[in-house]
Amino acid sequence: MRRLTRTEDGRSLHALLWHAGPGWRMVSSAVLGGGIAERAWVLNAQVAHGYRRTDPAAHLAGVARAAGADGAGVGLMTAADVSAFGAAHDGGVEAVATAGISVRGWAASPEEGTAGFAEPGTINVIVAVPAALTDAALVNAVATATEAKVQALLDAGHDCSGTPTDAVCVAARVPRPGAAAHAFAGPRSLWGARLARAVHHAVYSALPRAA
């Protein structure tokens, strides 16, 4: 994971870039490279508070290109300082989390949602699993990572489930020819259990402690 610094609008902003290389499939809710597909890199970029650009995907792609990232990738953004990240590993699974929680709450809310792009908050979670997962297991892994994130928030003393703009990216290996991919990634499965522990520790490490 490379740490990057760039200047935008007179401000020094940080970013984290993972050059995964070939052989990885990723599932993500990110504004750039979201969905399920083979991806070669993941960028987690800090942007200014009050971010108002209407082309976040193009913006992130430009930041990644300037850093030397080639091919298709995943781009996440946050107003939090990503240099204050949390990291953890468990049984081969690696997780990195950044946490900005100034705008936080519970997912189920009586408030109406909005159709547009929300200002980045935010808790971003990136996880790498050194095994092949089916599409269903990748989705399962996102659910497991989210459960572990909420557990970390509660353990750190925060009465919330996250922020309105939390994002996640789970990377797993491309299946080898003739080899079966793992069909499960719930918290009691082999890889899901490791993922949950790594995400919990990474998020907990990145969070400020509640007063």
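If you read the sequence from its start, that first residue is 1, and numbering goes on from there. Predicted, not measured: the structure shown is a model, and the values here were computed from it.
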Establish, from distance only, whether the side-chain atoms of His19 and Asp70 form a donor-acceptor pair under 3.5 Å.
no
Please step through salt bridge (Lys or Arg N to Asp or Glu O under 4.0 Å) for the pair Arg25 and Asp135, ending with a clear verdict.
CA-CA 9 Å; Arg25 291 198 324 139; Asp135 284 358; 2.7 Å; yes
Check whether any side-chain heavy atom of Val63 sits under 4.5 Å from a side-chain heavy atom of Glu8, and report yes or no.
yes
Residue pair His89 / Val93, side-chain heavy-atom distance below 4.5 Å:
no
With sequence neighbours excluded, tell me which residues meet side-chain hydrogen bond (donor to acceptor under 3.5 Å, both in side chains) with Asn124.
Asn44
Could you work out, with side-chain contact (heavy atoms from CB on, under 4.5 Å) as the rule, every residue matching Ala45, not counting sequence neighbours?
Arg6, Ala15, Leu43, Leu60
Student check: side-chain heavy atoms of Val125 and Ile123 closer than 4.5 Å:
yes
Counting C-beta onward and ignoring hydrogens, is there a side-chain heavy-atom pair between Thr78 and Val47 closer than 4.5 Å?
no
Any side-chain heavy-atom pair from Arg173 and Val129 closer than 4.5 angstrom?
no
Any side-chain heavy atom of Leu133 sitting closer than 4.5 Å to one from Val27?
no
Do any N or O atoms from the side chain of Arg2 and from the backbone of Ala67 form a donor-acceptor pair under 3.5 angstrom?
yes
Remaining members of the apolar cluster that contains Val74, side-chain heavy atoms under 4.5 Å:
Met1, Leu16, Trp18, Trp24, Met26, Val42, Leu76, Val82, Phe85, Val96, Ile126
Under 3.5 Å, side chain of Ser29 to main-chain N/O of Val168, donor-acceptor pair present?
yes
Between atom OG1 of Thr146 and atom CD of Gln151, what is the distance when rounded to the nearest 0.5 Å?
12.5 Å
Starting from the C-alpha separation in whole Å, work towards a yes-or-no answer on side-chain contact (heavy atoms from CB on, under 4.5 Å) for Val127 and Glu94.
CA-CA 6 Å; Val127 194; Glu94 298 187 31; over 6 Å; no
Between CH2 of Trp41 and CG of Leu17, what distance do you get to the nearest 0.5 Å?
7.5 Å
Taking all atoms of both residues into account, what is the closest heavy-atom pair of Thr163 and Gly100, and its distance?
CG2-O, 3.4 Å
Co-members of Trp106 in a cluster of I, L, V, M, F, W and Y side chains, linked at under 4.5 Å
Val150, Leu154
Quick one: CG on Leu207 to CZ on Arg104, what's the gap to the nearest 0.5 Å?
9.5 Å
Once you round to the nearest 0.5 Å, how far does CG of Leu190 lie from CG of Leu195?
11.0 Å
Using salt bridge (charged side-chain N to carboxylate O under 4.0 Å, His left out) as the criterion, list what pairs up with Asp55, not counting sequence neighbours.
Arg53
Residues, nucleotides or ligands: over 12 heavy atoms within 6.0 Å of His14 NE2:
yes
According to a 4.5 Å side-chain heavy-atom criterion applied to Ile, Leu, Val, Met, Phe, Trp and Tyr, with indirect links allowed, do Leu138 and Val142 form part of one hydrophobic cluster?
yes
Working to the nearest 0.5 Å, report the span between CD of Gln46 and OG of Ser83.
7.0 Å
Are Ile101 and Pro208 packed together at the side-chain level, in the sense that at least one heavy-atom pair is separated by less than 4.5 angstrom?
yes
Apply ring-ring contact (aromatic ring centres under 6.0 Å, His included) to His59 and list each qualifying residue two or more places apart in sequence or on a separate chain.
Tyr51
Looking only at non-hydrogen atoms, find the nearest pair between Pro56 and Met77 and report the distance.
CB-CE, 3.8 Å
With side chains defined as the heavy atoms from C-beta onward, is the minimum distance between His182 and Ser189 less than 4.5 Å?
no
In this structure, which one of His200, Arg197, His201 forms a side-chain hydrogen bond (donor to acceptor under 3.5 Å, both in side chains) with Asp90?
Arg197
